[in-house]
Amino acid sequence: MMTSSTLATARRALSLLDLTDLSDNADEAGLTALCARAVGAPGPVAAICIWPRFVAQARTMLGRAPVKIATVVNFPQGEATGAEVLAETQGAVAAGANEIDLVLPWRAFLTGDAAAAEAMVRAVRDACGGQTLKVILETGEYPDLQRVRAASELAIAAGADFIKTSTGKTAHSASLPAARTMLEVIAASDRSVGLKPSGGIRTLADAAGYLDLADAIMGAHWATPETFRFGASGLHQVLVDAIAGEASGEASGSY
C-alpha cells in the first residue's frame with residue numbers, strides 16, 4: 001500500500017498543478033477534455049495552461065470553477081518582437097486569461113543583452129494589469145547556474161510573480177539544481193515570488209523531489225497555489241491514479 005506520506009504528496013501535487021496542453025496538434029476537442037480533467041475527481045488542479053487561441057473557449061467551459069486559466073506568450077522560442085508579445089498579452093488578458101507565462105528572451109540575455117530581456121518583462125508586467133505573470137527562464141539551455149541566478153534576479157526585479165524553469169520544448173528542461181538556485185533567489189527577494197518547475201516532471205517521485213526542495217529552502221507551508229506550481233501534462237494522470245489506487249486499496253506502493 002502507498003504510505004500516508006506519499007498519498008499526501010500526490011494530493012498536494014495535484015492541487016499545485018498547471019495542467020498543460022501546449023502540443024502542436026492541440027484542438028477544441030482536446031480543450032474540452034482538458035477542462036473536464038482539470039475540475040474532475042479527485043479534486044481540481046490549480047490551473048490549466050493552454051495556447052492563447054483557446055483562452056476564450058476555456059473561460060466559457062470552466063465557468064465559475066476554481067481553476068485559473070494560464071496561457072503563453074513569446075512561446076516557445078522567446079524571439080518574438082516586443083510589439084508582437086504585447087499584442088499577444090493584451091489579447092489573452094482580454095479573452096479571460098488569469099495568468100501569463102512569458103518566455104524570457106533568453107538567447108538575448110545569454111549573449112549579453114540583459115536590458116532587452118528586462119524591458120520585455122517590464123512591458124508585459126504592465127500589459128498584464130493585475131493578472132499573474134510567470135517568466136519562463138528556459139534554464140536547461142543555460143551554461144551554468146550563475147546565469148540561472150542572474151536571470152532569476154532580473155525577472156524578479158522586472159516584476160515577475162513567478163519564475164518558471166522551462167517551456168518543455170527544448171532538449172533539457174527542469175532540474176533540481178536550477179530549481180534550488182531559483183528558490184535561493186526567491187528566498188532573498190523582498191517580496192513574495194513563486195516557483196514553477198516545468199518540463200520533464202512525469203512521476204510522483206519527480207514531484208516529491210521539487211516539493212521537498214521547496215520545503216527545505218522556503219519552509220514546510222510555503223508551497224501553495226499562490227507560490228508554487230508544477231507545469232506538466234502527463235503528471236496529472238499519475239497523481240490521479242495514485243490517489244484512486246490508494247482509495248481502492250490497489251496502489252502498488254512503487255514510488
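Heavy-atom basis, side chains included; hydrogens, waters and symmetry copies ignored.
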Value rounded to 0.5 Å, distance of [atom1] in [X] from [atom2] in [Y]:
X      : Y      : atom1 : atom2 : answer
Leu195 : Met182 : CG    : CE    : 5.0 Å
Ser189 : Glu184 : OG    : CD    : 14.0 Å
Leu19  : Phe230 : CG    : CZ    : 14.0 Å
Thr181 : Arg147 : OG1   : CZ    : 13.5 Å
Leu183 : Leu176 : CG    : CG    : 10.0 Å
Tyr210 : Leu16  : OH    : CG    : 14.5 Å

Can you check whether [Y]'s main-chain N or O pairs, donor with acceptor, with [X]'s side chain at less than 3.5 Å?
X      : Y      : value
Glu84  : Thr81  : yes
Trp51  : Ser23  : yes
Asn74  : Val103 : yes
Asp215 : Asp212 : no
Arg37  : Ala41  : no
Tyr142 : Leu137 : yes
Arg202 : Ser233 : no
Thr71  : Ile50  : yes
Ser166 : Gly168 : no
Ser198 : Thr165 : no

Residue Glu28 excluded, over 12 heavy atoms near CD under 6.0 Å: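 Not more than 12 within 6.0 Å, no.
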Arg180 atom CZ, neighbour heavy-atom count above 12 within 6.0 Å: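 Open: at most 12 neighbouring heavy atoms sit under 6.0 Å from CZ of Arg180.
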Any side-chain heavy atom of [X] within less than 4.5 Å of one from [Y]?
X      : Y      : value
Ile48  : Leu62  : yes
Arg125 : Asp161 : yes
Leu34  : Phe54  : no
Thr227 : His221 : no
Thr167 : Leu22  : no
Met61  : Thr32  : yes
Val67  : Val45  : yes

Testing the basics here: between [X] and [Y], what is the closest heavy-atom pair and its distance to 0.1 Å?
X      : Y      : result
Ala242 : Leu7   : O-CD1, 4.5 Å
Phe228 : Ala223 : CB-CB, 3.8 Å
Ala178 : Val148 : O-CG1, 4.1 Å
Val238 : Leu204 : CG1-N, 3.9 Å
Pro225 : Ser15  : CG-O, 3.6 Å
Val240 : Pro42  : CG2-CD, 3.7 Å

Joint hydrophobic cluster, Phe162 plus Val93, side-chain heavy atoms closer than 4.5 Å: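 No, separate clusters.
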Verify same cluster id: Ile217, Ile163 (apolar side-chain graph, 4.5 Å):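 Same cluster: Ile217 reaches Ile163 through Ile, Leu, Val, Met, Phe, Trp or Tyr contacts under 4.5 Å.
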Candidates Glu138, Arg107, Lys169 - the one meeting side-chain contact (heavy atoms from CB on, under 4.5 Å) with Gln77: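 That would be Arg107.
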Residue that, paired with Asp101, satisfies salt bridge (charged side-chain N to carboxylate O under 4.0 Å, His left out) out of Lys196, Lys68, Arg229: Lys196
Pair Arg191-Ile156, side chain to side chain contact (heavy atoms under 4.5 Å, CB included): steps then yes or no: CA-CA 9 Å; Arg191 64 183 178 87; Ile156 291 172; 3.9 Å; yes
Stepwise side chain to side chain contact (heavy atoms under 4.5 Å, CB included) test for Thr9 and Leu211: CA-CA 8 Å; Thr9 296; Leu211 288 173; 4.2 Å; yes
Trace of the side chain to side chain contact (heavy atoms under 4.5 Å, CB included) decision for Val121 with Leu133: CA-CA 9 Å; Val121 176; Leu133 174 61; 4.2 Å; yes
